[in-house]
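First up is the structure itself, then whatever we jot down about it.
We count ligands from 1, going down the list as the structure has it; atoms in each ligand are counted the same way.
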Amino acid sequence: MIAIVGGGLAGCLLACYLARRGEDVVLYERRADPRAAGAERGRSINLALSERGLDALRRVSLDNQVLAGALPMRGRMVHPVDGEPGLQPYSADGERAINSISRAALNNVLLDAADKTVRIEFGHRLSRLEPGSGQMWFDTPGGEVRAVADVVLGADGAGSAVRGQLLRAGATTESLDFLDYGYKELTIPARAGEFALDPGALHIWPRGRSMMIALPNPDRSFTATLFWPNSGTASFASLSSPAAVERYFAEHYPDVVPLIPGLVEDYQLNPVGLLGTVRCTSWHSGRAGLIGDAAHAIVPFYGQGANCAFEDVVVLDRCLSETGGDWTRALPLFEQSRRADTEAIARMALANFIEMRDKVASPVFRLGQRIEHTLERLLPGRYVSRYELVSFSTVPYAQVRRRVRGQHALLFSAGAAAVSGAAGAAVKLMRR
Ligand code: FAD
């Protein structure tokens, strides 16, 4: 029997893939069934799903069902403090979109799919694991339950109990790098039954050291997320009184104030979430392995955590095929195949925070983006921006980093050639 611990995004999709291989799978989830009990508070309400996640869903024919509840966002709508918001398309043709989806709805589609082929035990919180023997202990509403599996896969998120047990057994080491930033969600309700902002874009209010973003929901509300410093001036710690919150929003987010009638209440009631990067070595020991955030949680600024976790499932499935279903070889091969890619997206996600909170507002950045889109049109398939490679392709993340470095070097040479009056030579150089 294969045990999957964690019935979140990666765990449910993994259950579907393993059931398809004919494995006998039991999925253990600490929560009660969210389809009956409703979503847990304090987790991000919606997320952006892009090609990597869709590709993984498509392989088990779940993409259309998921997309039916999603809203396409074709670019960033950047809101300055003064003046009108401006749209920055994600792709050269302005058509490609990332998809805003409710985390709860996505999880429910996956739970329904997993439920058809595997046994799901809700209300089972893993408390102890012996990686060598595959013995597991769960806290349940009815008391402690023990079970044993041939393979135990930890898909239990950034604070993984399975990873904790591997640590306890001395089988892995971990590093947790928390940012000095946190996040807090606010709701922009529908106005007279309509979206209060353009629902075809991801909205960003870049403010230098901090930012707010907003993604549309099918009920015509938006979920806005503040990414602010935890301490110091203009931080979650310093802005606590209703008057200070109102003053700060009026000064820095003036167009948002009329859109959130319950701003101060939302701000004061909603929790501040942690943001950080989790790394650990190794991802497996004995009969146990890690997948998704449990192995490599990242900061959310590229909108890739869930996409990457879904892509993990595709790669693990491939490793099982390559090893003839031999888990003792498949788990090390999975880590070997995936480690450089997960490290690459961890780094790109951190770098994208600076781009989103600061650079997108700059005219130089906008000019650079226009040049990139022009090159993409002139050199289709030869020049592809980092954003497109990350969000609209399944090119491995580590290759994306290498390719973009190469493209930037060429762009620099092309720019130098253009400055010396040889614009045609620039394109020729790029075509080589
Ligand atoms: P999770 O989704 O966290 O699932 C873990 C599951 O394990 C949960 O169901 C949990 O209840 C269960 N569990 C935990 N402990 C135990 C235990 N001891 N026993 C049994 N079960 C247990 N990603 C994107 O791709 N796009 C985005 O736009 C995006 N935006 C984000 C915004 C924010 C603010 C945050 C915080 C994250 C965002 N992410 C985004 C990242 C994404 O949410 C995660 O990468 C993704 O949820 C990881 O999936 P997972 O299945 O590995 O973990």
Relative to atom 40 (C) of ligand 1, which among G305, G182, G292 owns the nearest non-hydrogen atom? G305
For R31, the ligand 1 atoms whose distance to one of its heavy atoms is below 4.0 Å: 9 (O), 11 (O)
Cation over ring face, R20 and Y17, 6.0 Å, 45°: yes
Numbered atoms and elements of ligand 1 in range of G157, under 4.0 angstrom, heavy atoms: 3 (O), 5 (C), 53 (O)
Spacing of N46 atom CG and R103 atom CZ [to the nearest 0.5 Å]: 9.5 Å
Between R35 and D115 (salt bridge meaning N to carboxylate O under 4.0 Å), is one present in this structure? yes
Closest to atom 45 (O) of ligand 1 by heavy-atom distance, out of L275, D293, D156, D312, is D293
For ligand 1, does A306 get within less than 4.0 Å through its side chain, its backbone, both, or neither, judged by non-hydrogen atoms? both
Under 4.0 Å between a side-chain nitrogen and a carboxylate oxygen: does that hold for R386 and E388? no
Mind checking whether R103 has an N or O less than 3.5 Å away from an N or O of ligand 1? yes
At a 4.0 Å threshold, what atoms of ligand 1 neighbour a non-hydrogen atom of H124? 19 (N), 20 (C)
If the threshold is 4.0 Å, N to carboxylate O, is there a salt bridge linking R207 and D358? no
Can R59 and D317 be counted as an ion pair, charged N to O under 4.0 angstrom? no
Between E335 and R339, is the closest basic N to carboxylate O distance under 4.0 Å? yes
Answer yes or no: does an N/O atom from T225 fall short of 3.5 Å to an N/O atom of ligand 1? no
Filter on ring-ring contact (aromatic ring centres under 6.0 Å, His included), then keep only pairs touching residues 111-135, sequence neighbours left out; what's left? Y28-H124, H124-F138
Side chain, backbone, both or neither: which applies to A155 and ligand 1 if a contact is any heavy-atom pair less than 4.0 Å apart? backbone
Gap separating the OG1 atom of T394 from the CD atom of E311, nearest 0.5 angstrom: 6.5 Å
Going by the atom numbers of ligand 1, which of them fall below 4.0 Å from some non-hydrogen atom of V5? 19 (N), 20 (C)
By number and element, which atoms of ligand 1 are closer than 4.0 Å to a non-hydrogen atom of A161? 18 (N)
Salt bridge present between E29 and R31 (N-O < 4.0 angstrom): yes
Under 3.5 Å, which donor-acceptor pairs do the side chains of residues 142-155 form with other protein atoms, sequence neighbours left out?
from	atom 1	to	atom 2	distance (Å)
R146	NH1	Q135	OE1	2.0
D150	OD2	M1	N	2.4

Atom NE2 in H203, atom CG in D255: separation rounded to 0.5 Å? 10.0 Å
Sub-3.5 Å N/O-N/O distance, L9 and ligand 1: yes
Quick test of your reading of the structure: of G303, A10, A297, whose heavy atom lies closest to atom 51 (O) of ligand 1? A10
So which of P34, A294, C12, A48 gets nearest to atom 28 (O) of ligand 1, if we judge by its closest heavy atom? A48
Does L126, backbone or side chain, put an N or O under 3.5 Å from an N or O of ligand 1? yes
Quick note on ligand 1: atoms under 4.0 Å from a heavy atom of L47 include exactly 26 (N), 27 (C), 28 (O), 29 (C), 30 (N)
Which of the atoms in ligand 1, numbered in the order shown and given with their element, are less than 4.0 Å from a heavy-atom of Q304? 24 (C), 25 (O), 26 (N)
Below 4.0 angstrom, N of the basic side chain to O of the carboxylate: do R76 and E355 qualify? yes
Atom indices of ligand 1 within 4.0 angstrom of G7 heavy atoms, with elements: 9 (O)
Winner among F310, Y183, F301 once heavy atoms are compared against atom 36 (C) of ligand 1: Y183
Between R30 and ligand 1, which part of the residue brings a heavy atom under 4.0 Å of the ligand: side chain, backbone, both or neither? both
Return a yes/no value for E185: is any of its N or O atoms, backbone included, closer than 3.5 angstrom to an N or O of ligand 1? no
